[in-house]
K.L.:
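Here it is, the structure, as structure tokens.
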Amino acid sequence: MNAQLQAILDESRRIVLFSGAGTSTESGIPDFRSADGLYREKEKTFPYPPETILSRSFFQKHPDIFFDYYRTKMLYPDAKPNASHFAAATLERQGRLSAVVTQNIDGLYQQAGCTRVLELHGSALRNTCMRCGKSVGLDAVLHTQGVPHCPCGGMLKPDVVLYEEALDEQTVNESVRAIREADCLLVVGTSLTVYPAAGFVRYFRGKHFVLINRDETPMDDLAELVLRENAGKIFAELRL
Ligand code: NAD
């Protein structure tokens with residue numbers, strides 16, 4: 001158990017957890033930039049870089065390839081929350097965590113019991129018809145083939161923020177407010193390289209800035225405590 005982290009959490013009352021794909025690798029969902037992440041794969045089936053496929057212009061031009069990639073690489077319907085997600089839910093129940101601000105699209109914090117989750121990059125669990133605006137669940141993409149359509153004939157689009165798309169303004173405002181008012185910022189499992197999301201960390205004015213990430217990040221110097229270990233293991237060892 002990390003005694004310094006335990007002491008920081010024990011005295012904090014308005015914790016914000018800012019997280020990325022690294023919090024879900026221990027649930028079996030690959031991240032993008034780790035050594036075994038999706039961006040390092042030698043991909044033969046999809047002869048385009050993931051950043052290209054996951055962009056708005058590619059989605060519009062080649063929806064068939066987009067959905068093929070999206071179903072194969074981005075959807076993990078059987079994934080279960082791990083100790084990182086459950087720790088956030090425990091801290092929220094105890095009234096010590098004001099929000100989870102996450103770049104993840106997998107819904108695992110909510111599955112663990114968190115209710116205040118700000119999803120900067122949206123959610124893979126929801127889709128919207130581009131013609132009539134109807135919102136449908138994951139099954140509409142998971143259990144169909146090719147480009148999924150609404151009964152009205154319109155194409156479905158996952159409620160995830162693609163490259164070239166703007167973040168939802170209300171989610172951004174609420175995230176910045178939560179980070180600004182936090183007394184402790186826990187940054188977990190993110191390379192802090194995807195903007196604008198990564199830049200929100202700089203709004204933190206509170207006392208304790210902790211960074212838990214296996215690899216080095218560009219903001220390690222700003223943190224009071226940097227732990228380069230598996231986040232799930234660290235959270236599992238804490239007394240919450
Ligand atoms: P990233 O892939 O750029 O970085 C992940 C970081 O997590 C790496 O630096 C790695 O060292 C660290 N990491 C991996 N496993 C860890 C663990 N068990 N414990 C501690 N650290 C660990 O991810 P990012 O910064 O979130 O940015 C990538 C984008 O990928 C985000 O926009 C997100 O929407 C999207 N994404 C989301 C999911 C998901 O929802 N689970 C999965 C893949 C990608």
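Read the numbers this way: they start at 1 and go in the same order the structure lists the ligands and their atoms. If you're wondering where the values come from, they're calculated on a predicted model, not measured in any experiment.
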K.L.:
Just checking, is any N or O donor in the side chain of S24 or D106 under 3.5 Å from an acceptor N or O on the other one?
P.N.:
yes

K.L.:
Just which atoms of ligand 1 are under 4.0 Å from any heavy atom in D106?
P.N.:
39 (C), 40 (O), 41 (N)

K.L.:
Enumerate donor-acceptor pairs with a distance under 3.5 Å from any side-chain N or O in residues 134-147 to protein atoms, sequence neighbours excluded.
P.N.:
| residue | atom | partner | partner atom | Å |
| --- | --- | --- | --- | --- |
| T144 | OG1 | R71 | NH2 | 3.1 |
| T144 | OG1 | A140 | O | 2.8 |
| T144 | OG1 | V141 | O | 3.2 |

K.L.:
Do M219 and F18 belong together in a cluster built from hydrophobic side chains that touch within less than 4.5 Å?
P.N.:
yes

K.L.:
Under a 4.0 angstrom heavy-atom cut-off, which atoms of ligand 1 come close to T25?
P.N.:
14 (C), 15 (N), 16 (C), 17 (C), 18 (N)

K.L.:
Would you mind telling me if ligand 1 is within reach of the side chain of P30, the backbone, both or neither, using heavy atoms under 4.0 Å?
P.N.:
backbone

K.L.:
Give me the nearest non-hydrogen protein atom to atom 25 (O) of ligand 1 as residue plus atom name, then the distance to 0.1 Å.
P.N.:
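Of the protein heavy atoms, T190 OG1, 2.7 Å lies nearest.
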
K.L.:
Starting from atom 4 (O) of ligand 1, locate the nearest protein heavy atom and write down its residue, its atom name and how far away it is, to 0.1 Å.
P.N.:
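Looking only at protein heavy atoms, the one closest to atom 4 (O) of ligand 1 is S191 N, 3.3 Å.
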
K.L.:
At a 4.0 Å cut-off, with the gap strictly under it, does some heavy atom of S34 reach an atom of ligand 1?
P.N.:
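A heavy atom of S34 does come that close to ligand 1.
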
K.L.:
For I29, is at least one N or O under 3.5 Å away from an N or O on ligand 1?
P.N.:
no

K.L.:
Any donor-acceptor pair under 3.5 Å linking the side-chain atoms of S84 with those of E26?
P.N.:
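There is no such pair (donor and acceptor under 3.5 Å, judged by atom type) between the side chains of E26 and S84.
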
K.L.:
Can you tell me if Q110 and E119 form a side-chain donor-acceptor pair at under 3.5 Å?
P.N.:
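Yes, side-chain donor-acceptor contact under 3.5 Å.
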
K.L.:
Go through the side-chain N and O atoms of S27 and N82 and say whether any donor and acceptor fall under 3.5 Å apart.
P.N.:
yes

K.L.:
Does some non-hydrogen atom of R228 fall short of 4.0 Å from ligand 1?
P.N.:
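Under 4.0 Å: no for R228.
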
K.L.:
Check the side chains of D10 and Q6 for a donor-acceptor pair under 3.5 angstrom, ignoring hydrogens and angles.
P.N.:
yes

K.L.:
Please lay out, stage by stage, how F66 and L162 fare under the test side chain to side chain contact (heavy atoms under 4.5 Å, CB included).
P.N.:
CA-CA 11 Å; F66 172 90; L162 300 175; 3.8 Å; yes

K.L.:
Under 4.0 Å from a heavy atom of G20: which atoms of ligand 1 are those, numbered in the order shown and with their elements?
P.N.:
26 (O)

K.L.:
Would you check whether G37 reaches within less than 4.0 Å of ligand 1, judged by its heavy atoms?
P.N.:
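False for this residue.
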
K.L.:
Among all protein heavy atoms, pick the one closest to atom 35 (C) of ligand 1 and tell me residue, atom and distance.
P.N.:
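Ranked first by proximity to atom 35 (C) of ligand 1 is F32 CE1, 3.7 Å.
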
K.L.:
Within a distance under 4.0 Å of any heavy atom of R33, pick out the atoms of ligand 1 and give their elements.
P.N.:
1 (P), 2 (O), 3 (O), 27 (O), 28 (C)

K.L.:
What residue and atom, counting heavy atoms only, is the protein's closest point to atom 7 (O) of ligand 1, and at what distance?
P.N.:
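Among all protein heavy atoms, the one nearest atom 7 (O) of ligand 1 is N213 OD1, 3.1 Å.
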
K.L.:
Is R214 touching ligand 1 with its side chain, its backbone, both, or neither, if touching means heavy atoms under 4.0 Å apart?
P.N.:
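Answer for R214: both.
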
K.L.:
Note the single closest protein heavy atom to atom 14 (C) of ligand 1, along with its residue, its atom name and the distance in Å.
P.N.:
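Its nearest protein heavy-atom neighbour is D31 OD2, 3.2 Å.
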
K.L.:
We want to know whether S19 and Y109 form a side-chain donor-acceptor pair, criterion being a heavy-atom distance below 3.5 angstrom.
P.N.:
yes

K.L.:
Just let me know how V194 lines up against ligand 1, side chain, backbone, both or neither, with a heavy-atom cut-off below 4.0 Å.
P.N.:
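V194 to ligand 1: side-chain contact only, backbone stays beyond 4.0 Å.
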
K.L.:
Numbering the atoms of ligand 1 from 1, which are under 4.0 Å from a heavy atom of E26?
P.N.:
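In order of numbering, the contacting atoms are 17 (C), 18 (N), 19 (N).
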
K.L.:
Judging by distance only, is a nitrogen or oxygen of D215 under 3.5 angstrom from one on ligand 1?
P.N.:
yes

K.L.:
Quickly, which of L5, V16, L97, L225 forms a side-chain contact (heavy atoms from CB on, under 4.5 Å) with L186? Name it, please.
P.N.:
L5

K.L.:
Could you tell me which atoms of ligand 1, counted from 1 in the order shown, lie closer than 4.0 angstrom to a heavy atom of G189?
P.N.:
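Contacts of ligand 1 toward G189, numbered from 1: 5 (C), 6 (C), 7 (O), 21 (N).
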
K.L.:
I need the nearest protein heavy-atom contact for atom 23 (O) of ligand 1: residue, atom name and distance, please.
P.N.:
A21 CB, 3.6 Å

K.L.:
Looking at G22, which atoms of ligand 1 are within less than 4.0 Å of one of its heavy atoms?
P.N.:
5 (C), 7 (O), 13 (N), 14 (C), 15 (N), 16 (C), 17 (C), 18 (N), 19 (N), 22 (C)

K.L.:
Got a donor-acceptor contact below 3.5 angstrom from the D183 side chain to the R14 backbone?
P.N.:
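Yes, because the side chain of D183 sits within donor-acceptor range (under 3.5 Å) of the backbone of R14.
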
K.L.:
Under 3.5 Å, is there a donor-acceptor pair between the R228 and N213 side chains?
P.N.:
no

K.L.:
Run the numbers for me: atoms of ligand 1, each under 4.0 Å from some heavy atom of E229, listed by number.
P.N.:
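Answer for ligand 1: 19 (N), 20 (C).
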
K.L.:
May I ask you to check whether A231 has an N/O atom sitting below 3.5 Å from an N/O atom of ligand 1?
P.N.:
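Yes, at least one N or O pair falls under 3.5 Å.
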
K.L.:
Once the angle between the rings of F209 and F204 is folded into 0 to 90°, is it parallel (under 30°), tilted (30 to 60°) or perpendicular (over 60°)?
P.N.:
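The arrangement is perpendicular - the two ring planes meet at more than 60°.
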
K.L.:
Identify the closest protein heavy atom to atom 32 (O) of ligand 1: which residue and atom is it, and at what distance?
P.N.:
H121 ND1, 2.6 Å

K.L.:
Between the candidates E216, K73, Q103, K233, which shows the shortest non-hydrogen contact distance to atom 34 (O) of ligand 1?
P.N.:
Q103

K.L.:
For residues S98 and E181, is any side-chain donor paired with an opposing acceptor at under 3.5 Å?
P.N.:
no

K.L.:
May I ask you to check whether H208 and E11 show a side-chain donor-acceptor distance below 3.5 Å?
P.N.:
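Indeed, the side chains of H208 and E11 share at least one donor-acceptor pair under 3.5 Å.
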
K.L.:
What residue and heavy atom of the protein are closest to atom 40 (O) of ligand 1, and at what distance?
P.N.:
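Protein heavy atom with the smallest distance to atom 40 (O) of ligand 1: I105 N, 2.8 Å.
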
